[in-house]
Amino acid sequence: MTTILAIEDDDRVRDNIQDILELEDFEVITAKNGIMGLQLIRQQIPDLIICDVMMPEMDGYAVLNTLRQKKETAAIPLILLTAKANRNDWRKGMELGADDYLTKPFTPEELLKAIAACIKKRTAIKQQYTSQLQQVSDQLYRQLYYDSITNLPNRLSLRDRFGKILVNYERIKTNSTLIPVFCIGLDRFNRINDNLGYESGDLLLKAVAERLRKSVENQAVVAHLSADEFAIILTPIERKSFAQNVAEEIQKSLIQSFTINKQEIFVTASIGIALYSRDGNSIEKLLQNAKKAMTKVKHRGGNGYDFYSGLLNVGSVKKLSLEAELRHAMKREEFQVYYQPQVSLKTGKIIGCEALLRWKHPSKGFISPGVFLPLAEEVGLIEPIGEGVLEQACQDAKKLHQAGFESLRVAVNLSSRQFNQLNFRQRVIDILAHTKIRPQNLELELTESSLIQDPIIAKKRLEGFKSLGISISIDDFGTGYSSLKYLQQFPFDILKIDQCFVRDIDRNLNNAAITTAIVQMSHSLSFKVVGEGVETEAELRILKEQQCDAIQGYLFSPPLPFNKFEALLKSRKVLFSDRDRANQNIQW
């Protein structure tokens, strides 16, 4: 049923409106003044509002102005009621965003016609919006899940396709059934780009993609992973020798020369093979191990193939040692929280920061987060480490608010294990209470993989944080495997474009198209968009042209320890565009 809110201080008129509408099967809620009406709207968003102009405490114009200022209520159709037929009053209401005007007294027919017109207009707008959103969604899907150069599925597609192959595997598997995953790297591909240019390199990749398709025909999935790397997933086989035969067929297909722009080019490839489930149970692990085998072939000079072996996992002893040192690092307080500014592309001002964990080992110096964070996740240390980062970030944010930067927002990354802790929401509440930071100044960042394991529970948890006033952002968007439909299901506020799409965006047309589609899709869903890893003026210019909301990256500032970040804020540094670079007097 269509829900209509009637705000009218005259009891008789309000009751008449309710009787008329209920006879037409509308669900009606009423309020006798503007303040009560706004309270009802916060509890239940109506489909349409009928509001008297002349009311005590808050008149209809004030109600309308308040609704149009908030994105949740800006689009609600509103019909004003007035006993005055003054043209200036009508003009004022329409300029504030009223959809229609009815002069008292009015007939039931006039009221119902006005309502029908508003509902028809809203339906048309909604249909147009849905159509545009679907077009953007389809465009983004194609650009995110297929490589624009080779037209092959890309890395993002492989998980779904691997899942479909596993369904067949479960149906036919025996003790000897295997699923081979190939990682194929073109040997010395950079020399093609260096000597013949990127256009010739792209044409060569297309030709290689076509030969790979033909060499495996319909018995495999072929994907383009990166500039010079491809992947192939075979359908289940019974003998390892069949994978060898396929590798040899691939090499035979590539050994014939290619003619690119009248230039004869010879290509060889290094091929690594991992086998499900012997070498891994996920496509990520299988690709990782296949690449290790491929790298081993490259080190031998290339133009060959090899299977993954557990012996390639050298460094296991070092890993155990690092785990012990990681546990000591927590006790010795060797972790530090750095902050990388996030800058508005509208004002050029710092609007927030991302908290980033750093480990300064007493003898080895800084250890890469890419090394110790996965290990912390694996051995179960990520929860206490992550909670420590969250508390430290909130404490530091409070200091900055007290120093005069009240609106500064701090973003903290959550690991999957942290997010899925049963009592994590309460721990966040306790930290907010202890540090006395407002929830509106905290942003929690999650990756797609943290959400897709159980979307229903993840959505409820996110809504729990949103109810506190905390903002939610999805980090590294475009590098995971989640369906685009999750963007509409989850209550996100901010979407962060991964730096792999931002890098060389001024020269890489594929990256430019992807970021454009992501920005359009995000804005259609009322998300803010942050571009990560911005390092050049050209990347900044393109993101600004695409109406990205904010950026972070080394172009403006690297991650900084707290004292240096505070000094940066106090310096009033502003992100200048090329056009404004000469103007050094922009104020905070």
Heavy atoms of V529 and C548 approach each other most closely as O-SG, 3.4 Å
Should we say atom CG of L509 is surrounded by more than 12 heavy atoms from elsewhere, each under 6.0 Å from it? no
Side-chain donor/acceptor of D475 to backbone N/O of K496, under 3.5 Å: no
Which pair of heavy atoms, one from F230 and one from H224, lies closest together, and at what distance? CE2-CD2, 3.8 Å
Given 3.5 Å as the limit, does a donor-acceptor pair link the side chain of R425 with the main chain of G464, or not? yes
Short question: side chain of S131, backbone of Q127 - any donor-acceptor pair under 3.5 Å? no
Taking D493 for the side chain and I472 for the main chain, is one N or O donor matched with an acceptor at less than 3.5 Å? yes
Around K398, counting heavy atoms of other residues, nucleotides and ligands shown, do more than 12 lie under 6.0 Å from its NZ? yes
Quick one: side chain to side chain donor-acceptor pair (under 3.5 Å) partners of E383, sequence neighbours excluded? R417
Please confirm whether the backbone N or O of N303 pairs with a side-chain atom of D187, one donor and one acceptor, at under 3.5 Å? yes
Q336 and Y338: which non-hydrogen atoms are nearest, and at how many Å? OE1-CE1, 3.3 Å
Tell me, with the steps shown, if I367 and L322 meet side-chain contact (heavy atoms from CB on, under 4.5 Å). CA-CA 10 Å; I367 296 177; L322 185 64; 4.2 Å; yes
List the steps, then state whether side chain to side chain donor-acceptor pair (under 3.5 Å) holds for E532 with Q499. CA-CA 5 Å; E532 295 185 291; Q499 62 180 348; over 6 Å; no
Atom CE in M294, atom CG in N289: separation rounded to 0.5 Å? 12.5 Å
Hey, does the side chain of Y308 reach the backbone of Q288 with a donor-acceptor pair shorter than 3.5 angstrom? no
Taking atom CD as the centre, does E333 end up with more than 12 heavy-atom neighbours from other residues, nucleotides or ligands that are less than 6.0 angstrom away? no
If you round to the nearest 0.5 Å, how far is NZ of K298 from NZ of K291? 9.5 Å
Taking S344 for the side chain and K349 for the main chain, is one N or O donor matched with an acceptor at less than 3.5 Å? no
Taking all heavy atoms of A293 and all of I273, pick out the closest pair and write down the distance. CB-N, 4.1 Å
For E443 and V530: C-alpha separation, side-chain torsions, deciding distance, then whether side-chain contact (heavy atoms from CB on, under 4.5 Å) applies. CA-CA 13 Å; E443 174 187 325; V530 178; over 6 Å; no
Which atom pair, heavy atoms only, marks the closest approach of F335 to F372? CE2-CE1, 4.0 Å
Just by distance, do the side chain of D228 and the backbone of N190 share a donor-acceptor pair under 3.5 Å? no
Hey, is the main chain of D504 close enough, under 3.5 Å, to the side chain of E539 for a donor-acceptor pair? yes
With a 3.5 Å distance limit and no angle check, can you tell me whether N154 reaches the backbone of L156 through a side-chain donor-acceptor pair? yes
When you measure from the centre of the six-membered ring of F556, is the NZ or CZ of K573 closer than 6.0 Å and no more than 45° off the axis? yes
Face-on cation placement of R507 at Y198 ring, 6.0 Å and 45° thresholds: no
Checking side-chain polar atoms at under 3.5 Å, does N441 have a donor or acceptor matched by the opposite partner on E406? no
Can you list everything that forms a ring-ring contact (aromatic ring centres under 6.0 Å, His included) with H523? Sequence neighbours excluded, please. none
Assess, by modelled atom type and distance only, whether the side chains of T516 and Q546 contain a donor and an acceptor separated by less than 3.5 Å. yes
Scanning both residues in full, the closest heavy-atom pair of Y339 with Q392 reads OH-O, 3.7 Å
Quick one: CG on N420 to CD1 on I457, what's the gap to the nearest 0.5 Å? 8.0 Å
